[in-house]
Protein chains: 2
Amino acid sequence: MKLSTKGQYGVRAMYELAHSYGQGPVSLKTVADRQDISVYYLEQLIAVLRKAGLVNSIRGATGGYVLAREPAAITVGDIIRVLEGPVAPVDCVNDDLPDCCARAAQCITKQIWAQVRDAIEQVIDSITLADMCREAAKANFGEGRSDPE
Amino acid sequence: MKLSTKGQYGVRAMYELAHSYGQGPVSLKTVADRQDISVYYLEQLIAVLRKAGLVNSIRGATGGYVLAREPAAITVGDIIRVLEGPVAPVDCVNDDLPDCCARAAQCITKQIWAQVRDAIEQVIDSITLADMCREAAKANFGEGRSDPE
DNA sequence: TGCAAATCCGATTGAATTACTAGGAATTGC
DNA sequence: GCAATTCCTAGTAATTCAATCGGATTTGCA
């Protein structure tokens, strides 16, 4: 039941873009430095996010990345699904794979995994990047993360 | 966010033992046949469950396995934790690893993962093997799974 | 007493995944 | 034209997954 670093790093990187939303593109190097992530690795993750339409890129010298939508319109669930795939603990409750299990009909565990999936989705689909920014602003009242650069 | 087959098979195997609870030991071969699991593989999983005190074994010719507690006293969460480890989506909200992340203090994502963990736990810790047997009995009213052997 | 059925235990293995690392091409602001 | 950036592809060491196998030990039963 682990989330890989793809999802973890992805959410942190997207938060960083949300944090600077409206102030022009942010370079990957900046994001990587602020969140302690390898630039090379982050490069791959952001490519997936870009292809999924969650971020836009600006090439060239002062280029970087920008959220494709406003922070309030992107949820943690959006990011995780793009980077980790469907949030189904097992394939038989993954709607993208309708008939993956021959035992589905008589399987007693299927409804349990569906409940787990729903519980996870309810959390991650209700938290937006805007929510995260709000939380961070509240928490850092007077310390640390108010550095102007 | 996937559950490995360890957890899936483990829950199904434990359900099978619950299904025959009070009727003497059930051999691994029987469990494996009924749940379409490799006996060799299941052998490894049941060994873990035994060492964790969830099942007892009876060796010898008519031996097999028996739940160590009554079905109502074993939850899906018990089984998953034994076979898959702590249900923390990331290590920083795993209570067994107190100081695994230097960024914990200023990390905005930590509380999200804690919410995900809690949501999962609320589901799997509230479902017992007895619940599963009850559900199965309800569902199979008149079809299939009432085979006398 | 011996056979068969079972649990036990440890080793191996092919495939996939993870988390990077690296190299180099293309784009663009200054 | 140079430096900073995005873009694309490939490689790679380590780990985990999901079995598979061989053989030792225990025990019920004829």
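Naming: A, B, ... by sequence-line order, numbering from 1 per chain.
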Nucleotide nearest [X] (side chain, heavy atoms from C-beta), chosen from [options]:
{"X": "B/Tyr9", "options": "C/dT7, D/dA19, D/dG28", "value": "D/dA19"}
{"X": "A/Tyr40", "options": "C/dA22, C/dA5, D/dA18", "value": "C/dA22"}
{"X": "B/Tyr65", "options": "C/dC8, D/dC17, C/dT21", "value": "C/dC8"}
{"X": "A/Ser27", "options": "D/dA3, D/dT5, C/dA19", "value": "D/dT5"}
{"X": "A/Ala61", "options": "C/dG29, D/dA19, D/dG28", "value": "C/dG29"}
{"X": "A/Tyr41", "options": "D/dC8, D/dA4, C/dC20", "value": "C/dC20"}
{"X": "B/Glu43", "options": "D/dA19, D/dC8, D/dG22", "value": "D/dG22"}

Give one of base, sugar-phosphate or nothing for B/Ile46, where a contact means two heavy atoms less than 4.0 Å apart.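 Nothing, no nucleic acid heavy atom in range.
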Distance below 4.0 Å between [X] side-chain N/O and [N] OP1 or OP2:
{"X": "B/Thr5", "N": "D/dA18", "answer": "yes"}
{"X": "B/Ser57", "N": "C/dC8", "answer": "yes"}
{"X": "A/Ser38", "N": "C/dT21", "answer": "yes"}

May I ask you to say whether A/Lys29 pairs ionically with A/Glu43, meaning some side-chain N is under 4.0 Å from a carboxylate O?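 The answer is no: the pair does not qualify as a salt bridge.
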Salt-bridge contact B/Lys2-B/Glu84 (side-chain N to carboxylate O under 4.0 Å):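 No, B/Lys2 and B/Glu84 are not salt-bridged.
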Using whole Å, what does the distance between atom [atom2] of nucleotide [N] and atom [atom1] of [X] come to?
{"X": "A/Leu45", "N": "D/dC8", "atom1": "CG", "atom2": "C1'", "result": "15 Å"}
{"X": "A/Arg12", "N": "C/dA19", "atom1": "CZ", "atom2": "C1'", "result": "14 Å"}
{"X": "A/Ile58", "N": "D/dA4", "atom1": "CD1", "atom2": "C1'", "result": "14 Å"}
{"X": "B/Lys2", "N": "D/dA18", "atom1": "NZ", "atom2": "C1'", "result": "17 Å"}
{"X": "B/Leu28", "N": "D/dA19", "atom1": "CG", "atom2": "C1'", "result": "15 Å"}
{"X": "A/Gln8", "N": "C/dT18", "atom1": "CD", "atom2": "C1'", "result": "12 Å"}
{"X": "A/Lys51", "N": "D/dC7", "atom1": "NZ", "atom2": "C1'", "result": "8 Å"}
{"X": "B/Leu3", "N": "D/dC17", "atom1": "CG", "atom2": "P", "result": "11 Å"}

Between A/Thr128 and A/Asp131, is any side-chain donor less than 3.5 angstrom from a side-chain acceptor?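 Yes, because at least one side-chain N or O of A/Thr128 sits under 3.5 Å from a partner of the opposite role on A/Asp131.
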With no hydrogens and no angle check, do the side chains of B/Tyr65 and B/Ser27 hold a donor and an acceptor under 3.5 Å apart?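 Per modelled atom types, B/Tyr65 and B/Ser27 side chains form no pair under 3.5 Å.
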Donor-acceptor pair under 3.5 Å, A/Arg59 side chain vs C/dT27 base: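 Answer no: no donor N or O sits under 3.5 Å from an acceptor.
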Between the base of C/dT21 and the side chain of A/Gln44, is there a donor-acceptor distance below 3.5 Å?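 Indeed there is one.
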Is the backbone N or O of B/Gln122 less than 3.5 Å from a side-chain atom of B/Ser126, with the two atoms forming a donor-acceptor pair by type?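 Answer holds: yes.
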Residue met sooner reading DNA chain D from 5', once A/Arg50 and B/Lys6 are mapped to nucleotides: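 Per heavy-atom nearest nucleotide, the more 5' residue is A/Arg50.
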So if you build clusters from Ile, Leu, Val, Met, Phe, Trp, Tyr with side-chain heavy-atom gaps below 4.5 Å, do B/Tyr41 and B/Val82 land together?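 Yes, B/Tyr41 and B/Val82 fall within the same hydrophobic cluster.
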